[in-house]
Amino acid sequence: MSDFPDDIPFFGEPDVPATPKPQSGPKAGIAARAMQARNQQRGEPDYLQGLNPEQRQAVETTEGPVLVLAGAGTGKTRVLTTRIAHIIQQGLAFPSQILAVTFTNKAAREMKERIGHLLGGAVEGMPWLGTFHSIGVKMLRRHAELAGLRSDFTILDTDDVIRLLKQLIQAEGLDDKRWTPRSFSMMIDGWKNKGYGPSEISEGDARAFANGKGRELYYAYQERLKTLNACDFGDLLLHPIRIFRKHPDILREYHTKFRYILVDEYQDTNTAQYMWLRLLAQRPSSNANTQSASTQPHSTPNATDWSSEPMRGPHGAGEHSELGVSAKKSTQQINICCVGDDDQSIYGWRGAEVDNILRFDKDFPGATIIRLERNYRSTPHILGAASYLIAHNEGRFGKTLLPQAASEDDQKVHVHAAWDSEEEARAVGEEIEQAQRRGHLLNDMAILVRASFQMREFEDRFVTLGLNYRVIGGPRFYERQEIRDAMAYFRVVAQPADDLAFERIVNTPKRGLGEASLRLVHDYARAKNMPMLQAAEDLIATEELKPKARSALREVVENFRRWQGLLDNKSHTELAEIILDESGYTAMWQNDRSAEAPGRLENLKELIRSMEEYESLRGFLEHVALVMDTEQNEGMDAVSIMTLHSAKGLEFQTVFLPGWEEGLFPHQRALDEGGRSGLEEERRLAYVGLTRAKKNLHIWFVSNRRIHGMWQTTIPSRFLEELPEEHVDIAESDSSYGGGYGQSRFDAVGRGDPFANSYSTPGWQRAQQNRSDATRNNWGSRSGANVERIGYGETDSGFGAGRGSVKGKVIDGELVAKSVSSTPSDFKVGDRVFHMKFGNGNVASIDGNKLTIDFDHAGQKRVIDSFVKRV
DNA sequence: TTTGGCCATTTTTTT
DNA sequence: AATGGCCAAA
């Protein structure tokens with residue numbers, strides 16, 4: 001979004017008088033109250049109508065720190081937006097004096113819309129409402145030089161970062177397979193989430209990568225970013241934090257500027273975000289400390305000091321209360337209001353610290369804590385199911401959500417079983433079409449998946465059904481190859497130091513500039529510490545390059561120089577067209593005879609079209625870097641498909657939750673890496689999913705799912721049994737459970753199938769029992785149930801049953817993980833076998849425990865041996 | 001230098 | 001299943 005025009009005057013904005021009406025400390029309260037009283041005489045403002053007492057308190061307690069603990073569906077967004085409207089309406093601050101932070105662009109957009117609505121649309125946009133990152137960039141652009149950057153720095157996305165790291169790792173002479181750029185980028189990410197620069201990471205962390213070269217590499221990475229005039233996502237927060245600490249005068253300007261700070265989804269803040277917030281929200285006491293704070297921020301154990309010890313903060317309460325006192329003493333306070341729900345903390349993997357919300361009143365003593373517990377969203381059944389499920393978590397505040405009154409036609413939560421994911425998609429599609437026939441809007445329905453690969457099957461199905469759908473946060477427009485290439489061209493034009501972009505497209509389309517020539521340019525650039533474009537320009541004046549490469553490179557450089565010259569003369573969309581045209585990029589795809597080519601050209605057109613909404617090329621590039629998503633199909637009626645993560649904060653009349661199987665949800669990886677707390681986060685994710693539904697909720701699980709192209713037998717998610725019976729309705733006979741390879745086939749295998757019908761059947765119960773029965777396993781017998789997704793017993797004890805073996809992983813005495821290891825198969829080529837999904841066939845070849853089988857009806861497939869049975 | 005084919009690995013979630 | 005990396009051949 002170009003919500004942030006580049007040229008807003010920052011400090012001393014003309015529209016901001018030094019002191020808007022009431023504002024300092026206690027006075028503000030009085031004035032506010034006076035104003036309120038006046039309003040009440042006249043009848044209260046519209047926007048307060050219909051708020052319940054708690055919501056109202058959250059809106060009207062404008063002064064001092066406020067924490068709003070808002071359960072799912074309790075009107076959190078409404079409170080936030082109304083509060084902002086209230087602040088503006090009461091004249092407590094101008095829109096530009098309110099800092100409002102959200103996590104997603106979607107949330108920011110929605111908030112803006114709603115505030116505009118509340119205020120009758122007459123208010124100029126709020127310049128400081130946005131995501132942590134977009135606000136971070138905005139600040140960083142203003143003070144870029146203090147971070148060693150120019151204000152036109154580029155923002156690297158994950159892909160760029162990985163390519164860059166790869167170069168560095170190789171330059172270091174390390175094996176980039178043993179030490180993958182990807183894993184290092186994740187480490188850096190983790191460090192940055194905690195607020196650590198290269199000098200602050202622990203010895204152990206530094207050693208953990210590349211035999212102790214971790215720190216060195218991290219330094220080198222930051223150095224390179226500087227020479228590239230670029231930063232990564234983490235830097236968007238880290239640089240401002242550094243700047244605030246080093247330059248108290250700058251921080252003070254922000255302190256004067258922002259009267260009110262609001263934070264959405266506070267439970268998802270990570271340490272860096274927390275530090276950033278604290279710096280902005282907590283003015284050091286204005287008396288005794290001022291001097292020392294401004295000159296030596298790190299030497300005084302007072303107000304500013306917490307920021308240098310991020311990780312110890314959570315538990316060092318003493319320090320914080322001291323700080324709080326001084327904050328209180330200060331003459332002007334910045335009023336911070338955080339809204340969150342510990343039960344909806346689902347970003348632990350990204351470094352979020354739930355602790356931040358749990359210790360709010362220590363950080364901000366005297367905080368008003370308001371709990372919103374009246375749920376207006378879901379039926380009692382849905383709410384009951386969700387509450388019961390989340391109660392299985394240990395580490396939580398614990399709160400009660402009060403349901404609305406039940407209504408006659410309230411449906412219980414439906415749990416459905418399907419044979420495989422294909423059937424799951426088919427059945428959900430049917431369900432949706434039925435609802436549509438009953439007059440429901442597709443806009444009111446959503447499918448929420450755990451992992452994005454699940455989306456495809458639904459898309460496929462909906463395409464054949466001709467059902468409108470919209471994917472949110474799926475495979476992203478801006479991640480497509482052609483879009484990234486085009487963007488790279490634009491980046492080099494807008495930001496000549498962007499070597500990563502330059503490298504990406506110098507030889508796209510092919511110009512005969514291969515590795516050899518490129519290396520030359522690269523080395524020259526490094527040696528002279530100049531951008532590659534500049535280096536290329538220098539080199540073509542010499543005899544270094546081969547004639548062919550030299551002329552090709554000359555043309556590229558000349559093109560770029562010419563385009564750069566057009567920056568100010570042509571509109572950015574026009575320029576973009578010229579670039580794609582003259583570079584031969586469009587022609588490259590036009591000449592491409594592959595099936596995707598037309599689509600790619602279409603995407604490029606779409607790209608140009610979407611640029612029109614932005615003021616400048618730079619503004620557009622920034623949008624792409626930060627948002628990575630386009631609005632699609634806004635106007636039409638369509639089912640939404642998205643991940644559970646991106647569904648947070650949304651609500652729908654009808655919600656479908658497919659894929660409730662062990663290994664997928666809870667996700668195996670969360671279990672492996674997060675253990676118990678990983679499981680609890682998965683459960684919160686389930687809770688988020690359940691509470692998105694207003695009226696109808698359908699949960700699905702399948703017994704066969706294809707993972708990495710191979711069929712796996714799955715068992716229902718443990719979360720299913722954590723749902724309370726009284727609120728759940730098990731669909732006994734779902735459409736065609738078993739499908740073409742029907743029930744009979746199923747039984748013919750003698751597969752004492754645990755999920756043949758539903759989980760209320762003996763089969764289901766047996767499965768449950770299997771799970772808790774820690775010693776039993778069905779593997780000994782070939783006709784045993786296919787429960788190989790789970791291992792039982794001690795850690796790492798194998799269960800070889802002749803083919804394949806199962807390892808169980810026990811965490812906290814509870815079985816949470818397993819993996820199938822490959823041991824040589826005891827099948828022979830030519831064996832006649834039966835597979836549950838594909839039927840009968842002959843073994844064509846064997847590769848470890850993977851078999852290639854010619855099926856009678858299904859053709860040739862590769863499957864894991866444990867899924868077939870000799871006949 | 002480019003291209004084609006084969007092998008290995010992969011996917012959790014996002015700014 | 002699909003993508004990326006690597007190697008051999010043109």
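Each chain gets a letter, A, B and so on, in the order the sequences are listed, and its residues count up from 1.
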* Which nucleotide in the list dT15(B), dT13(B), dC6(C) gets nearest to the side chain of K177(A)? -> dC6(C)
* Which part of the nucleic acid does F665(A) contact within heavy-atom distance under 4.0 Å: base, sugar-phosphate only, or nothing? -> nothing
* Nucleotide dA2(C), atom P - distance to CZ of F453(A) in whole Å -> 14 Å
* For atom CD1 of I472(A) and atom C1' of dT13(B), their distance in whole Å -> 16 Å
* Please give, in whole Å, the distance from dT13(B) C1' to W349(A) CH2? -> 4 Å
* Whole-Å distance between dG5(C) P and R163(A) CZ? -> 11 Å
* Is H708(A) stacked on the base of dT11(B), with ring centres under 5.5 Å apart and planes under 30° apart? -> no
* Asked: Listed by chain and number, what are the side-chain contact (heavy atoms from CB on, under 4.5 Å) partners of A686(A), not counting sequence neighbours?
  -> L389(A), W660(A), F665(A), F719(A)
* Which nucleotide sits closest to the side chain of A451(A): dT13(B), dT14(B), dG5(C)? -> dT13(B)
* Asked: Reckon R182(A) touches a base, only the sugar-phosphate, or nothing at all at heavy-atom distances under 4.0 Å?
  -> sugar-phosphate
* Taking atom P of dT13(B) as reference, at what distance in whole Å does atom CG of L679(A) sit? -> 19 Å
* F656(A) and W700(A) aromatic centres sub-6.0 Å -> no
* Asked: Nearest nucleotide by nearest heavy atom, which residue falls closer to the 5' end of DNA chain B, R669(A) or F103(A)?
  -> R669(A)
* **F132(A)-dT15(B) aromatic stacking (under 5.5 Å, under 30°)** => no
* R456(A): partners by salt bridge (Lys or Arg N to Asp or Glu O under 4.0 Å), with sequence neighbours left out -> none
* Asked: Mind checking what makes salt bridge (Lys or Arg N to Asp or Glu O under 4.0 Å) contact with E543(A), not counting sequence neighbours?
  -> R550(A)
* **NZ/NE/NH1/NH2 to OD/OE distance under 4.0 Å, D159(A) and R484(A)** => yes
* To do: For dT14(B), take OP1 and OP2 only and decide whether either is under 4.0 Å from a side-chain N or O of T104(A).
  => no
* Separation of dA1(C) C1' from M455(A) CE (nearest whole Å) -> 18 Å
* Does R456(A) place a side-chain N or O at less than 4.0 Å from the phosphate oxygens OP1/OP2 of dA1(C)? -> no
* Residues in side-chain contact (heavy atoms from CB on, under 4.5 Å) contact with S517(A), at least two apart in sequence or another chain -> L513(A), L545(A), A549(A)
* To do: Starting from C1' on dT14(B), measure out to CE on M642(A) and report it in whole angstrom.
  => 15 Å
* Atom-to-atom span, CE of M710(A) to C1' of dT11(B) - whole angstrom -> 14 Å
Under 3.5 Å between N/O atoms: give me all the protein pairs with nucleotides 1-5 of chain B, atom names plus distance.
| unit_1 | atom_1 | unit_2 | atom_2 | d |
| --- | --- | --- | --- | --- |
| dT1(B) | OP1 | A516(A) | N | 3.2 |
| dT1(B) | OP1 | S517(A) | N | 3.3 |
| dT1(B) | OP1 | S517(A) | OG | 3.2 |
| dT2(B) | OP1 | N507(A) | ND2 | 3.4 |
| dT2(B) | OP1 | G512(A) | N | 3.1 |

* Structure fact -> Across all chains, not counting sequence neighbours, the salt bridge (Lys or Arg N to Asp or Glu O under 4.0 Å) partners of R669(A) are E673(A)
* Asked: Are OP1 or OP2 of dT13(B) and a side-chain N or O of S452(A) less than 4.0 angstrom apart?
  -> yes
* **Side-chain H-bond candidate by donor/acceptor type, Y221(A) with D232(A), under 3.5 Å** => yes
